[in-house]
Engineer: 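One structure is given below, represented as structure tokens, and several questions about it will come after.
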Amino acid sequence: MRDGYEGTGPGAITPDGCAVELYARLSVGGEPDVVEAAVPAGASILELGSGVGRMTHPLVARGFTVTAVDESAQMLERVRGARTVHSTIEGLDLAEKFDVVMLASFLVHAGDAEVRRGLLRTCAAHVADDGCVLVQREGAGYHADVPRERRDPAGYTVRVVAADPVGDGVNSVRVEYEFPDAAWTQTFLARPLTREQFEEALAEAGLRVAEYLTEDGTWVKAVPAA
């Protein structure tokens, strides 16, 4: 388990506190619609941090060719219809280029700034010159509007119960997931980033914002800066 990360509940827990069984149950929402609208039909997608395939499967069903990368072999065992690669994101080197590189799940907010730099370097190294990188950011108030809870239409409750400062601009975030028959928690480190800080992080990796894809600014289309 990574320092500052923890998970509880039934089944296997990954190094960043994610429970495999939990993520196999979570609904996908509208994220595949955002991706589909932003990229060419049939594009090749490198999905970084795919988990069990919550996003992978709908994208494959829509005709995209997906390479799913995750550091958890147990997560990747659940992925169907896509090429899978067992690797950390920051250590990935496929010597390939893709039409689209996707960094979802707020991974760009990694508490360790060096890890974030590694994630974005991987994005920049694997995107085609005329391709794009799709990044999912935290929404406004993610760390301030705490505690809060959301009832998912699928019948489970998600609670963000804490976002406590632990130094150097990083918060320890604790989330609870409650289902009728089981419950899980995840604790992780996250670094809030203003829009300016986010764009500076992209620039450091040789990327620039082409478009904010959603009104709330949580999905961003970036392209190689050169």
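Being a predicted model, the structure only gives us computed values, none of them experimental.
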Engineer: Could you walk me through whether D33 and R62 pass the side-chain contact (heavy atoms from CB on, under 4.5 Å) test, one step at a time?
Structural biologist: CA-CA 10 Å; D33 296 332; R62 297 176 192 215; 2.8 Å; yes
Engineer: Under the criterion side-chain contact (heavy atoms from CB on, under 4.5 Å), I'd like the reasoning laid out for F64 against E36: C-alpha separation, chi angles, the key distance, then a yes or no.
Structural biologist: CA-CA 9 Å; F64 296 104; E36 185 177 31; 4.2 Å; yes
Engineer: Closest approach of G53 and V79, non-hydrogen atoms and distance?
Structural biologist: N-CG2, 3.9 Å
Engineer: One thing to verify: whether R25 and D181 come together as a salt bridge, which I'm taking to mean a side-chain N less than 4.0 angstrom from a carboxylate O.
Structural biologist: yes
Engineer: Which atom pair, heavy atoms only, marks the closest approach of V69 to S87?
Structural biologist: CG1-O, 3.7 Å
Engineer: Taking atom types as modelled, is there a side-chain donor on E149 or T157 under 3.5 Å from an acceptor on the other?
Structural biologist: no
Engineer: Charged N to carboxylate O under 4.0 angstrom, E47 versus R54?
Structural biologist: no
Engineer: Check the pair E21, R78 against side-chain contact (heavy atoms from CB on, under 4.5 Å), reporting the backbone distance first and the verdict last.
Structural biologist: CA-CA 10 Å; E21 296 297 332; R78 306 294 185 101; 2.5 Å; yes
Engineer: Can any side-chain N or O of K221 pair as donor or acceptor with the backbone N or O of A38 at less than 3.5 Å?
Structural biologist: yes
Engineer: Could you tell me whether R137 sits above the aromatic face of Y142, with NZ or CZ closer than 6.0 angstrom to the six-membered ring centre and within 45 degrees of the axis?
Structural biologist: no
Engineer: For residues V209 and F198, determine if any side-chain heavy atom of one lies less than 4.5 Å from a side-chain heavy atom of the other.
Structural biologist: yes
Engineer: Applying the 4.5 Å side-chain criterion to the ILVMFWY set and letting contacts propagate, would V100 and L92 be lumped into a single cluster?
Structural biologist: no
Engineer: Is a donor on one side and an acceptor on the other found under 3.5 Å between the side chain of T194 and the backbone of Q197?
Structural biologist: yes
Engineer: To the closest 0.5 Å, what do you measure between CD (Q74) and SG (C18)?
Structural biologist: 12.0 Å
Engineer: Going by the angle between their ring planes, with limits at 30° and 60°, are F179 and Y156 parallel, tilted or perpendicular?
Structural biologist: parallel
Engineer: Can you spot which of D70, V66, V28, I45 makes a side-chain contact (heavy atoms from CB on, under 4.5 Å) with T56?
Structural biologist: V66
Engineer: For the CD atom of E138 and the OG1 atom of T218, what is their distance to the nearest 0.5 Å?
Structural biologist: 10.5 Å
Engineer: Testing the basics here: between A163 and H143, what is the closest heavy-atom pair and its distance to 0.1 Å?
Structural biologist: CB-O, 3.7 Å
Engineer: Within a strict 4.5 Å, meaning less than it, do heavy atoms of the D99 and P40 side chains meet?
Structural biologist: no
Engineer: On a heavy-atom basis, which atom in A205 and which in L120 lie closest, and how many Å separate them?
Structural biologist: CB-CB, 3.7 Å
Engineer: Is there side-chain contact between F98 and T65, with heavy atoms separated by less than 4.5 Å?
Structural biologist: no
Engineer: Could you state whether V166 and V160 fall into the same hydrophobic cluster, counting links through intermediate Ile, Leu, Val, Met, Phe, Trp or Tyr residues with side-chain heavy atoms under 4.5 angstrom apart?
Structural biologist: yes
Engineer: Less than 3.5 Å apart, any donor N or O on the side chain of T8 or T185 sitting next to an acceptor on the other?
Structural biologist: yes
Engineer: Under the 3.5 angstrom rule, does the side chain of Q186 hit a backbone N or O of D16 as a donor-acceptor pair?
Structural biologist: yes
Engineer: In this structure, which one of E199, E200, R116 forms a side-chain contact (heavy atoms from CB on, under 4.5 Å) with L193?
Structural biologist: R116
Engineer: Whether the side chain of R191 engages the backbone of D168 through a donor-acceptor N/O pair (distance < 3.5 Å, no angle test) should be reported.
Structural biologist: yes
Engineer: If you apply the rule side-chain contact (heavy atoms from CB on, under 4.5 Å), what do you find for S44 with T67, and how did you get there?
Structural biologist: CA-CA 8 Å; S44 61; T67 296; over 6 Å; no
Engineer: Side chains of M75 and T84, heavy atoms from C-beta outward: is any pair under 4.5 Å?
Structural biologist: no
Engineer: May I ask you to decide whether D112 forms a salt bridge with R117, counting only side-chain N to carboxylate O separations under 4.0 Å?
Structural biologist: no
Engineer: Take atom CD in E71; do more than 12 heavy atoms of anything else shown fall under 6.0 Å from it?
Structural biologist: yes
Engineer: Going only through I, L, V, M, F, W and Y residues with side-chain contacts under 4.5 Å, is there a path from V101 to V34?
Structural biologist: no
Engineer: Count I, L, V, M, F, W, Y as connected when their side-chain heavy atoms are under 4.5 Å apart, and connections chain through other members. Are L202 and L134 then in the same cluster?
Structural biologist: no
Engineer: Can you tell if the side chain of V220 reaches within under 4.5 Å of the side chain of L213, non-hydrogen atoms only?
Structural biologist: no
Engineer: Look at the side-chain heavy atoms of Ile, Leu, Val, Met, Phe, Trp and Tyr, link any pair under 4.5 Å apart, and say whether V108 and I89 land in one connected group.
Structural biologist: yes
Engineer: Hey, is R159 close enough to E178 for a salt bridge, meaning N to O under 4.0 Å?
Structural biologist: yes
Engineer: Can you check whether M55 reaches S50 side chain to side chain, under 4.5 Å on heavy atoms?
Structural biologist: no
Engineer: Over all heavy atoms of both residues, which pair between V223 and A210 is shortest? Give the atoms and the distance, please.
Structural biologist: CG1-CB, 3.9 Å
Engineer: So, the side chain of H126 versus the backbone of K97: is there a donor-acceptor pair under 3.5 Å, distance only?
Structural biologist: no
Engineer: Looking at A162 and D164, what are the two nearest heavy atoms and their distance?
Structural biologist: CB-OD2, 3.7 Å
Engineer: Once you round to the nearest 0.5 Å, how far does CZ of R2 lie from OG1 of T14?
Structural biologist: 8.0 Å
Engineer: Backbone N or O of A154 within a donor-acceptor pair of the D152 side chain at under 3.5 Å?
Structural biologist: yes
Engineer: For residues L94 and V85, determine if any side-chain heavy atom of one lies less than 4.5 Å from a side-chain heavy atom of the other.
Structural biologist: yes
Engineer: Between T187 and Y5 (side chain of the first, backbone of the second, donor and acceptor by atom type, cut-off under 3.5 Å), is there such a pair?
Structural biologist: no
Engineer: Assess whether a salt bridge exists between E96 and R83, defined as any Lys/Arg side-chain N lying under 4.0 Å from an Asp/Glu carboxylate O.
Structural biologist: yes
Engineer: Determine yes or no for a side-chain-to-main-chain donor-acceptor pair under 3.5 angstrom, with W184 supplying the side chain and P10 the backbone.
Structural biologist: yes
Engineer: Just so I know, are the side chains of V158 and V175 near enough to count as touching, which here means a heavy-atom distance under 4.5 Å?
Structural biologist: yes
Engineer: Indicate yes or no for a side-chain donor-acceptor contact from H57 to the backbone of R80 under 3.5 Å, with no hydrogens or angles considered.
Structural biologist: yes
Engineer: Among L48, V35, L46, find the residue that satisfies the side-chain contact (heavy atoms from CB on, under 4.5 Å) test when tested with M102.
Structural biologist: V35
